[in-house]
Amino acid sequence: MTATPSEIAALRRRYLWMAVSIVFLDIGISLIFRLVNGGWETLWISASPGIVLLLGANWWLAHRQFEPIHRFLKGQATFESAERRLTQLPLLTARWVGIFAFVLYAFRNSLSWWLPGPTIGLGPPTIADYIAITLLLPVFYFTYTYFVVSDYLARLCGFIFERYGRNLGLFFGSYTTKLIVALLVISVVPLAAIVVDLFSYSGDRQQVEILVDIASAVFGVAITAYYVGRSLLQPIGILSSAMTKVAEGNLDVRVPVTSNDEVGELTGRFNTMVEGLREREQIRETFGRYVDESVAATILRRQGQGARQSGRMAGETGEATILFSDIAGFTTIAEYLSPAELVGALNDYLETVLAPIREHNGVVHTFIGDGLFASFNMPLACESHAAAAVRAALDIQRAVGNRTFGDQGVALATRIGISTGPVIGGDIGAGKRMNFTLLGDTVNLAARLEELNKHHGTRILVSQSTRDACGDLFSFQSLGSVTVRGRSESVAIFSLDPNLQETPR
């Protein structure tokens, strides 16, 4: 959503008033001078040039300086064409104010040299005082205008960010320089003026000059310090608040760049950093849709720790318990269901099966048609992994046996094979197509045990190694030794009936 014509007009009008607001400070200083020294009848002589230069000429120049920004706000120019003017706006505005102030005070301080003394209430200034005032007050006016317009720029950049989604990318200012200039002008300029008066005058004249300097300094410095504080501290406050939100886990944060110095550049880099974190989180979430979330988290963590070689997770060997599951008679079921009904029932079923596996700290690696392949203790540590896998299998059978799936209410029976032993884990694939998986005889045996369920009329079969690792935790039934495909030696197998276990775990 872009800005409306009334909003654009208000933005330009606000800038123009900020640019010429120095005239009100100048009038205030002039009034202080007259209150102390008198000479009200010649006030118009010194005030008129200030109004002409600081209000009239400055308004006209400020109007021209804002034009590139105005064109962008109206949609008549690109942001890039206005960006340089945006970042230089405080400096350009303050520069002309400084020039006008120099001309103005060069004229004012010379009035007592060519007008009668009684008319203005004081005698001519000393050369030192004339030079000091002619130089110091323009510097003070420059500083005031710079920080006032900087404060306006922060609001303008925030508005552009909100309505146009654009941020400053050019930074010509220096935070250190701003801070030093602000401190020097606020503290040194009034002090320098007082020191010059001490060495230039004596008696009543000295007291009057010092009184004018102090009163003017209190009035001008108070206003300037307010805008200096806002200009220097507000961008840091915005950035600090955004960092707090990110620390709390909010990665949707994006903040406007509201200053043209290192703080603004830091804010821009902060936005880039958060965008990178957001992309990484999106990758992780997307990754987790195709790879188990715990596997995705482990891979990303190890990648950050440098445990990858040439972009791959290095192979590692460890003991794990492998679980394979499959739906009995799935081919027949698929014949009388439409594709949409079949997919709906299968997804409903898989959600039911996944819950116990995750509850017992298992990791699902792959969906194989209507079945799945899960592991316990690799890649994530799982204490008593054999027992955890058996508990998950029992919970799966109880959950599946008590319900139907999909809109058609399809009953699905599950076969599960479990084996415990050494496995090899790592990234398998080529090029950019990679998959983290587990390999080894233990994996193959679990798959074969799942298939053997159909021959024995069972729902859960486990290997001798799994039986031994579980001890007396469950009631196993020995089915003797069988020869499985891919093995030359026979293996002992055991079945579990969920209804024969004393306590569901």
Side-chain angles (χ1 to χ4, degrees), residues 285-293 295 321-360 362-376 389-419 433 435 437-438 443-463 466 477 479 482-486 493-501 504-505:
E285 290 176 357
T286 303
F287 194 17
R289 294 179 62 186
Y290 298 95
V291 179
D292 190 275
E293 292 179 2
V295 176
T321 298
I322 306 301
L323 181 152
F324 274 86
S325 77
D326 198 12
I327 297 175
F330 183 75
T331 303
T332 303
I333 296 171
E335 290 179 354
Y336 67 84
L337 292 178
S338 69
E341 293 170 343
L342 181 64
V343 171
L346 184 57
N347 284 336
D348 195 9
Y349 160 81
L350 290 174
E351 282 293 333
T352 303
V353 171
L354 285 174
I357 294 175
R358 288 173 174 166
E359 181 181 351
H360 293 287
V363 172
V364 176
H365 293 271
T366 310
F367 295 107
I368 309 171
D370 56 308
L372 60 82
F373 160 34
S375 68
F376 296 77
V390 171
R391 290 191 181 101
L394 293 171
D395 288 347
I396 288 172
Q397 292 294 358
R398 295 186 183 106
V400 171
N402 293 331
R403 58 167 297 181
T404 57
F405 302 92
D407 295 335
Q408 302 301 310
V410 181
L412 301 174
T414 302
R415 298 189 299 252
I416 298 174
I418 303 174
S419 178
R433 297 300 299 266
N435 183 40
T437 191
L438 300 177
V443 179
N444 297 333
L445 179 57
R448 303 295 180 261
L449 292 176
E450 181 274 312
E451 295 174 356
L452 284 173
N453 278 290
K454 68 177 68 175
H455 299 294
H456 292 272
T458 54
R459 288 290 176 259
I460 304 174
L461 285 180
V462 305
S463 66
T466 303
Q477 180 181 1
L479 298 181
V482 298
T483 301
V484 298
R485 182 162 47 92
I493 60 174
F494 300 82
S495 68
L496 290 99
D497 186 340
N499 297 320
L500 299 179
Q501 309 307 312
R505 296 169 185 252

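Nearest heavy-atom pair across Gly371 and Asp326 is N-OD1, 3.9 Å. Smallest separation of non-hydrogen atoms from His456 and Ile493: NE2-CD1, 3.8 Å. Leu394 and Pro498 get closest at one heavy-atom pair: CD2-CA, 3.8 Å. Here the shortest heavy-atom pairing between Asp395 and Pro356 reads CB-CB, 3.8 Å. Closest approach of Leu449 and Ser463 over heavy atoms only: CD1-N, 3.6 Å. Among all heavy-atom pairs drawn from Asp370 and Tyr349, the shortest one is O-CE2, 3.9 Å.
Asn453 places a side-chain N or O within 3.5 Å of a backbone atom of Ile416 that can act as its donor or acceptor partner. Judged by distance alone, the side chain of Glu359 and the main-chain N or O of Ala392 form no donor-acceptor pair under 3.5 Å.
Taking CD1 of Ile396 as the reference point, atom OG1 of Thr414 lies at 7.0 Å (rounded to 0.5 Å). Note: Ser419 OG to Glu450 CD = 13.0 Å, rounded to the nearest 0.5 Å. Rounded to the nearest 0.5 Å, atoms OG1 (Thr332) and CG (Leu337) are 11.0 Å apart. Taking CZ of Arg459 as the start and NZ of Lys454 as the end, the distance is 11.5 Å to the nearest 0.5 Å. Note that the CZ atom of Phe367 and the CG atom of Leu354 stand 4.5 Å from one another [nearest 0.5 Å]. Separating the NE2 atom in His455 from the CG atom in Leu461 is a distance of 10.5 Å, to the nearest 0.5 Å.
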- request: List the steps and the verdict of side chain to side chain contact (heavy atoms under 4.5 Å, CB included) for Thr321 and Ile418.
  value: CA-CA 7 Å; Thr321 298; Ile418 303 174; 3.4 Å; yes
field: Derivation and outcome, side chain to side chain contact (heavy atoms under 4.5 Å, CB included), residues Ile327 and Leu346
entry: CA-CA 10 Å; Ile327 297 175; Leu346 184 57; 3.8 Å; yes
task: Could you give me the CA-CA distance, side-chain angles and deciding distance for Leu452 and Thr458, then say whether side chain to side chain contact (heavy atoms under 4.5 Å, CB included) is met?
output: CA-CA 8 Å; Leu452 284 173; Thr458 54; over 6 Å; no
task: Mind running side chain to side chain contact (heavy atoms under 4.5 Å, CB included) on Val364 and Leu350 for me, showing each step along the way?
output: CA-CA 11 Å; Val364 176; Leu350 290 174; over 6 Å; no
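Residues forming a side-chain hydrogen bond (donor to acceptor under 3.5 Å, both in side chains) with Ser338 (at least two apart in sequence, or on another chain): Glu341.
Ion pairing between Arg403 and Asp348 holds under the 4.0 Å rule for side-chain N and carboxylate O.
Of the residues Phe324, Phe376, Phe373, the one that meets the ring-ring contact (aromatic ring centres under 6.0 Å, His included) test with His365 is Phe373.
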